[in-house]
Amino acid sequence: MDYYKPFLIAVGSSGCYSSGISYSQSFDTKKEYGLYVKHSPFTFRPRVKNIITQEWIDQNGEDVFIPETITHEAYDFVCEFVYCRGDGNANENILNFLDRIEGKWLMVYDSYTNQGRQGVYVVDYNNEPTFQRRGAMDVVIFSVTFRVNDPDTNIVLQEGV
């Protein structure tokens with residue numbers, strides 16, 4: 001029985017982010033590229049960004065203004081991937097995956113945590129992946145840093161939709 005839960009990505013276009021971006025059908029990183037997700041630390045609610053405070057030297061505490069509408073900061077999360085196949089195509093599959101997601105707006109969904117985000121893009125890669133060979137299997141561990149520009153909307157993706 002396979003207990004792995006898919007990590008799904010839908011790829012949009014480049015350019016400025018807007019709600020009207022069209023996305024390709026979502027794909028499972030494991031089925032498409034042999035990439036399992038080892039760790040995907042989603043943030044339920046990032047830092048609040050528009051609370052205004054002022055400290056006065058002659059008063060205790062601080063003056064605080066809390067607006068009616070709270071907004072949140074964009075945040076990064078580092079997702080660790082593990083390539084695990086015995087086909088000898090580790091480099092090709094990983095590079096094809098990175099080429100597919102780089103420079104595009106993304107929607108990502110981790111079906112293990114039931115967390116998904118839109119307004120996501122790639123900001124960095126781990127340039128020192130771990131390579132291992134286990135019998136006939138190639139095992140490569142690397143990470144991708146995603147930036148979440150819409151931290152409040154939780155989305156749900158289904159494979160191929």
Side-chain angles (χ1 to χ4, degrees), residues 1-19 21-49 70-161:
M1 182 179 286
D2 190 6
Y3 294 103
Y4 178 76
K5 300 280 189 171
F7 188 82
L8 304 173
I9 299 177
V11 180
S13 59
S14 301
C16 293
Y17 180 72
S18 74
S19 59
I21 293 176
S22 62
Y23 292 87
S24 65
Q25 290 186 344
S26 62
F27 65 91
D28 177 359
T29 59
K30 176 188 159 201
K31 288 182 182 176
E32 195 85 15
Y33 297 101
L35 295 171
Y36 292 81
V37 172
K38 179 180 175 190
H39 186 59
S40 176
F42 275 102
T43 300
F44 288 107
R45 188 63 56 136
R47 293 184 58 143
V48 173
K49 74 175 187 179
I70 299 294
T71 56
H72 297 94
E73 294 180 353
Y75 66 93
D76 294 345
F77 75 95
V78 179
C79 188
E80 289 183 281
F81 290 96
V82 178
Y83 178 87
C84 189
R85 280 188 180 169
D87 59 7
N89 295 325
N91 291 344
E92 181 182 345
N93 283 331
I94 292 169
L95 288 173
N96 287 340
F97 169 69
L98 296 176
D99 286 343
R100 186 171 182 181
I101 64 172
E102 184 179 41
K104 305 282 194 281
W105 286 107
L106 308 170
M107 291 192 295
V108 298
Y109 180 72
D110 182 5
S111 57
Y112 179 75
T113 61
N114 293 320
Q115 292 290 306
R117 295 292 183 260
Q118 62 186 7
V120 177
Y121 60 95
V122 174
V123 292
D124 198 11
Y125 312 106
N126 174 358
N127 287 321
E128 297 181 20
T130 302
F131 293 94
Q132 300 173 357
R133 178 151 293 195
R134 294 185 180 163
M137 299 294 284
D138 289 331
V139 179
V140 181
I141 302 170
F142 68 100
S143 61
V144 175
T145 303
F146 294 98
R147 180 84 167 168
V148 178
N149 207 35
D150 180 356
D152 291 330
T153 306
N154 187 41
I155 58 129
V156 176
L157 291 177
Q158 295 177 357
E159 187 177 352
V161 179

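Only this structure's heavy atoms are used, side chains among them; waters, hydrogens and symmetry mates stay out.
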Between Thr71 and Lys49, is there a donor-acceptor pair closer than 3.5 Å when you use the side chain of the first and the backbone of the second?
no

Which residue pairs satisfy the ring pair (Phe, Tyr, Trp, His ring centres under 6.0 Å) criterion with at least one member in residues 91-113, sequence neighbours excluded?
Tyr17-Trp105, Tyr33-Phe97, Phe81-Phe97, Trp105-Tyr121

For Arg47, all residues meeting side-chain contact (heavy atoms from CB on, under 4.5 Å), sequence neighbours excluded
Glu73

What pairs with Asn154 under side-chain contact (heavy atoms from CB on, under 4.5 Å), at least two apart in sequence or on another chain?
Gln115, Arg117

Where is the tightest heavy-atom contact between Asp152 and His72, given as atom of each residue plus distance?
OD1-ND1, 2.8 Å

Are Phe7 and Cys79 packed together at the side-chain level, in the sense that at least one heavy-atom pair is separated by less than 4.5 angstrom?
yes

Supply the atom-to-atom distance Asn93 CG to Asp87 CG, rounded to the nearest 0.5 angstrom.
5.5 Å

Heavy-atom closest pair, residues Ala90 and Val140:
CB-CG2, 4.0 Å

Give me the atom names and distance for the closest heavy-atom approach of Arg100 to Val11.
O-CG1, 3.6 Å

d(Leu106 CG, Ile21 CD1) to nearest 0.5 Å is 9.5 Å

For Val144 and Leu98: C-alpha separation, side-chain torsions, deciding distance, then whether side-chain contact (heavy atoms from CB on, under 4.5 Å) applies.
CA-CA 9 Å; Val144 175; Leu98 296 176; 3.9 Å; yes

Shortest non-hydrogen separation from Ser111 to Pro6 and the atoms involved
OG-O, 2.6 Å

Ser26 side-chain N/O to Gln158 backbone N/O, donor-acceptor pair under 3.5 Å
yes

Report the C-alpha distance between Val82 and Glu80 in whole Å, list the side-chain angles of each, state the deciding distance to 0.1 Å, and finish with yes or no for side-chain contact (heavy atoms from CB on, under 4.5 Å).
CA-CA 7 Å; Val82 178; Glu80 289 183 281; over 6 Å; no

Could you tell me whether a side-chain N or O of Thr145 sits under 3.5 Å from a main-chain N or O of Val123, the two making a donor and an acceptor?
no

Nearest-0.5 Å distance that lies between atom CG in Asp110 and atom NZ in Lys5:
10.5 Å

Quick one: are Tyr125 and Ile94 in side-chain contact, heavy atoms under 4.5 Å?
no

Hey, what do you get for CG (Leu8) to OG1 (Thr29), rounding to the nearest 0.5 Å?
7.5 Å

Exercise: identify the closest heavy-atom pair between Gly103 and Ser14:
O-OG, 2.6 Å

Within the 4.5 Å heavy-atom criterion, are Asp138 and Phe131 side-chain neighbours or not?
no

Does Val122 form a side-chain contact (heavy atoms from CB on, under 4.5 Å) with Phe146? I'd like the steps, not just the answer.
CA-CA 5 Å; Val122 174; Phe146 294 98; 3.9 Å; yes

Ignoring hydrogens and geometry beyond distance, is a side-chain donor-acceptor pair present between Gln118 and Tyr23 at under 3.5 Å?
no

So, taking the atom named CG in Leu35 and the one named CZ in Arg85, what distance separates them when rounded to the nearest 0.5 Å?
8.0 Å

Contact between Asn149 and Arg147 at the side-chain level, heavy atoms closer than 4.5 Å - yes or no?
no

If you measure from OG on Ser143 to CZ on Phe77, what distance do you get to the nearest 0.5 Å?
11.5 Å

